[in-house]
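Numbering of ligands and ligand atoms starts at 1, following listing order.
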Amino acid sequence: MPALKASGEDIPPMIIYGKGYLGGGGSGIGRAVCQRFAAEGASVVVADVNEDSANQTLESLPQEHKGQDHSAVGVEVSSRESVEKLLTTIQCRYFQPPSVCVSAAGITQDEFMLKMAEADFDRVIQVNLKGTFLLTQAVSRALVASGAPKGSIITVGSIVGKVGNIGQVNYSASKAGVEGLTRAAAKELSRFGIRCNCVLPGFITTPMTDKVPEKVINKMTSMIPLGRMGQPAEVADACAFLASDDSRYITGVSIEVTGGLFIG
Ligand code: NAD
């Protein structure tokens, strides 16, 4: 694949939110994205609120291309101070802003709406939606200030943001918000050469879906036309496309990675 590298130049750093894996071998989407981008030759910054997970991901990254320099940094995406500190750390190390940013941090706090606590609604919006805003704003500001000719911002929504899901009014609202944010940012940032696109995973095998009762997983799987849950690497493939020049004429779109769940 034609790659994430700038041809003949220094390999630009990328910033990836979301982790790696939690014990036991479950592997999240963020970790798979880090691994895929590292395999393509990018220098990857693994950033996560869980620094142990970020460091585990860092240790798993291939470093076979000349000039690659990966790092791991702790960040709380819902905090402006923390996100700004992250960008400062990156610029001090790499002397340039990230050319690609994947916002994969996300949480769930599921409950039926009739019982949901206001704090659980707020927290999911803070991390999933405000965190995506803070990160997108900080990275695009740095790209514009540096005069970088191009950038690719990739947000992670969810198919649930389109179709809703029982027990997830907070999560569904946050992910619908991420899509809207991405489209608006695409319109504002295109004049700076920055593309913004969203991936919408369906049901992907990660620690997040490990929490879903087996009964629900079986029911959902029976509705997926491709007949199985997705793998984190399959979401990473879509992110790699959106990060690369293969998608240079694509901005403001959402790509569903769902095995066909909820087509139409
Ligand atoms: P995961 O739980 O494996 O990974 C989420 C990561 O986000 C964790 O490493 C966690 O530490 C990090 N994180 C949480 N809060 C944070 C914060 N405040 N600041 C920084 N980092 C924080 O889950 P995953 O399944 O890999 O999910 C990745 C993204 O994909 C999420 O945005 C999720 O909503 C989205 N998604 C997942 C699925 C799925 O089926 N797994 C489906 C649709 C969308």
Side-chain angles (χ1 to χ4, degrees), residues 15-36 45-58 60 72-83 85-86 101-110 122-135 138 154-165 168 170-179 181-182 198-212 216-217 220-221 224 228-236 238-239 254-259 261-262:
I15 172 172
I16 312 292
Y17 280 86
K19 67 132 172 212
Y21 63 167
L22 288 174
S27 172
I29 290 168
R31 182 184 188 220
V33 172
C34 292
Q35 291 173 333
R36 173 67 195 267
V45 179
V46 188
D48 199 290
V49 72
N50 183 334
E51 290 191 43
D52 289 343
S53 296
N55 280 314
Q56 283 174 341
T57 297
L58 177 66
S60 78
V73 186
V75 69
E76 166 56 63
V77 291
S78 65
S79 155
R80 169 175 299 283
E81 293 72 29
S82 182
V83 171
K85 196 169 153 208
L86 170 70
C101 169
V102 182
S103 296
I107 59 168
T108 53
Q109 305 257 321
D110 296 351
D122 288 346
R123 184 64 192 147
V124 169
I125 298 289
Q126 288 279 323
V127 173
N128 297 4
L129 181 53
K130 186 181 168 191
T132 301
F133 161 68
L134 289 174
L135 184 59
I154 300 163
T155 58
V156 180
S158 168
I159 194 65
V160 159
K162 277 196 161 167
V163 301
N165 199 22
Q168 292 194 317
N170 49 2
Y171 185 79
S172 306
S174 73
K175 293 301 188 178
V178 165
E179 267 200 278
L181 180 154
T182 308
C198 190
V199 291
L200 306 182
F203 280 84
I204 311 297
T205 305
T206 72
M208 185 177 273
T209 45
D210 284 350
K211 289 185 268 178
V212 179
V216 177
I217 293 281
M220 294 312 301
T221 305
I224 298 173
R228 62 173 175 85
M229 289 181 68
Q231 294 302 314
E234 292 169 323
V235 182
C239 293
S254 298
I255 296 185
E256 296 179 16
V257 187
T258 62
L261 183 67
F262 302 125

Chemist: Please compare Gly202, Ser103, Gly157 and report which has the shortest non-hydrogen distance to atom 38 (C) of ligand 1.
Modeler: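 Heavy atom nearest to atom 38 (C) of ligand 1 belongs to Gly202.
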Chemist: Among the heavy atoms of Ser82, does any lie under 4.0 Å from an atom of ligand 1?
Modeler: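 So Ser82 does not count as touching ligand 1.
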Chemist: One residue to check: Ile29. Relative to ligand 1, which of side chain, backbone, both or neither has a non-hydrogen atom less than 4.0 Å away?
Modeler: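 Looking at Ile29 and ligand 1, atoms from backbone and side chain both fall under 4.0 Å.
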Chemist: Does ligand 1 have any atom that is closer than 4.0 Å to a heavy atom of Pro207?
Modeler: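 Distance cut 4.0 Å: Pro207 passes for ligand 1.
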Chemist: How far apart are the C-alpha atoms of Glu76 and Lys130, what are their side-chain angles, what is the distance that settles it, and do they pass the salt bridge (Lys or Arg N to Asp or Glu O under 4.0 Å) test?
Modeler: CA-CA 11 Å; Glu76 166 56 63; Lys130 186 181 168 191; over 6 Å; no
Chemist: If you measure from each heavy atom of Gln126 to ligand 1, is any distance below 4.0 Å?
Modeler: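 Gln126 does not count as a contact of ligand 1 under the 4.0 Å cut-off.
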Chemist: Do side-chain atoms of Thr155 reach the backbone of Ser103 as a donor and acceptor pair under 3.5 angstrom?
Modeler: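 No; zero donor-acceptor contacts below 3.5 Å.
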Chemist: Does Asn165 reach the main-chain N or O of Gln168 with its side chain, forming a donor-acceptor pair under 3.5 Å?
Modeler: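 Side chain of Asn165 to backbone of Gln168: no pair is present.
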Chemist: Between Lys175 and ligand 1, find which residue part has any heavy-atom pair under 4.0 Å and reply side chain, backbone, both or neither.
Modeler: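 Looking at Lys175 and ligand 1, just side chain atoms fall under 4.0 Å.
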Chemist: Could you tell me whether ligand 1 has any atom less than 4.0 Å away from a heavy atom of Gly131?
Modeler: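 Flag not set, Gly131 not near ligand 1.
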Chemist: Taking the minimum heavy-atom distance to atom 18 (N) of ligand 1, which of Glu76, Lys130, Met229 ranks first?
Modeler: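 The option holding the nearest heavy atom is Glu76.
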Chemist: Closest by any non-hydrogen atom to atom 40 (O) of ligand 1: pick that one out of Val156, Thr206, Ile204.
Modeler: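 Closest candidate by heavy-atom distance is Ile204.
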Chemist: Just to be sure I read this right, does ligand 1 sit under 4.0 Å from the backbone of Val77, its side chain, both, or neither, counting only heavy atoms?
Modeler: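 Within the 4.0 Å criterion, Val77 contacts ligand 1 through backbone and side-chain atoms alike.
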